[in-house]
Amino acid sequence: MQTDAAINQGNSGGPLLNLKGEVVGINAAIRANANNIGFAIPINMVKELLPILLREGKVTRSQLGLVVDPVNESEAARLRRPDRKGAWIKSVVSGSGAEKAGLAQDDVILGFDGKTVIDPNQLSWLASLAGVGKTVTMRVQRGTKVFDVRVTLSALQAPQDEEEGPPRLPP
């Protein structure tokens, strides 16, 4: 989340408070050359990730193997959607759990592991925390048909530079 609250350099990692004194985020970064715009990790995200981090020492995210977008107005009409809810599949990654499960371009994901999918961001978040190797049931619309499909999640690969460890400070 973006904030314009003053975050002094060297103080990232502290709490971001609202006017009631409630913690709403953890300050993660500032952009000093952009009028001190700050970025914080939302507290609800921290609450979900912290137990995993404490238990395993790191967070390993899972993935479906999809590229998804919101269902915009024109796509909703073309895909015969009564609303714009769900995550529209733009492409399926070759060899992924999604491909093995038979998901295809232009399918719309409506549900993930018993939860209604409102948009692609929610789907990505749910899939990333579900667990590597877990098989989930997804509700899918293809044309006028709605059906369930089971997908086994794989590990989300970190970008090359993240695998090398934490950033180092200059000497």
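Each residue takes its place number in the sequence, starting with 1.
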Just distance, no hydrogens or angles: give the donor-acceptor pairs under 3.5 Å from side chains in residues 42-57, sequence neighbours left out.
{"unit_1": "Glu48", "atom_1": "OE2", "unit_2": "Trp125", "atom_2": "NE1", "d": "3.4"}

(message) Take a 6.0 Å sphere around CZ of Arg80 and say whether it holds more than 12 heavy atoms from other residues, nucleotides or ligands.
(response) no
(message) Rounded at 0.5 Å granularity, tell me how far CZ in Arg81 sits from CD in Glu75.
(response) 12.5 Å
(message) If you compare all heavy atoms of Val93 against all heavy atoms of Glu99, which two are closest, and at what distance to 0.1 Å?
(response) O-CB, 3.7 Å
(request) Keeping the roles fixed (side chain from Ser62, backbone from Ala127), state whether a donor-acceptor pair exists under 3.5 Å. (result) yes
(request) First locate atom CD of Gln63, then atom CG of Leu153, and finally report the distance between them rounded to the nearest 0.5 Å. (result) 8.5 Å
(message) Other residues, nucleotides and ligands only: do more than 12 of their heavy atoms fall within 6.0 Å of CD on Glu73?
(response) no
(request) Sequence neighbours left out, what passes salt bridge (Lys or Arg N to Asp or Glu O under 4.0 Å) with Arg139? Give chain and number order. (result) Asp148
(message) With rounding to the nearest 0.5 angstrom, report the CG to CZ distance, Asp106 to Arg142.
(response) 10.0 Å
(message) The test is side-chain contact (heavy atoms from CB on, under 4.5 Å); show your working for Val108 and Val71 and say whether it passes.
(response) CA-CA 8 Å; Val108 178; Val71 180; 4.1 Å; yes
(request) Go through the steps to decide whether Lys134 and Asp113 satisfy the test side-chain contact (heavy atoms from CB on, under 4.5 Å), and finish with yes or no. (result) CA-CA 10 Å; Lys134 181 175 180 179; Asp113 211 20; 3.0 Å; yes
(request) State, yes or no, whether a side-chain contact exists between Ile89 and Val68 at a heavy-atom distance under 4.5 Å. (result) yes
(request) Provide the closest heavy-atom pair for Leu103 versus Met138 in the form atom of the first, atom of the second, distance. (result) CD1-CE, 3.8 Å
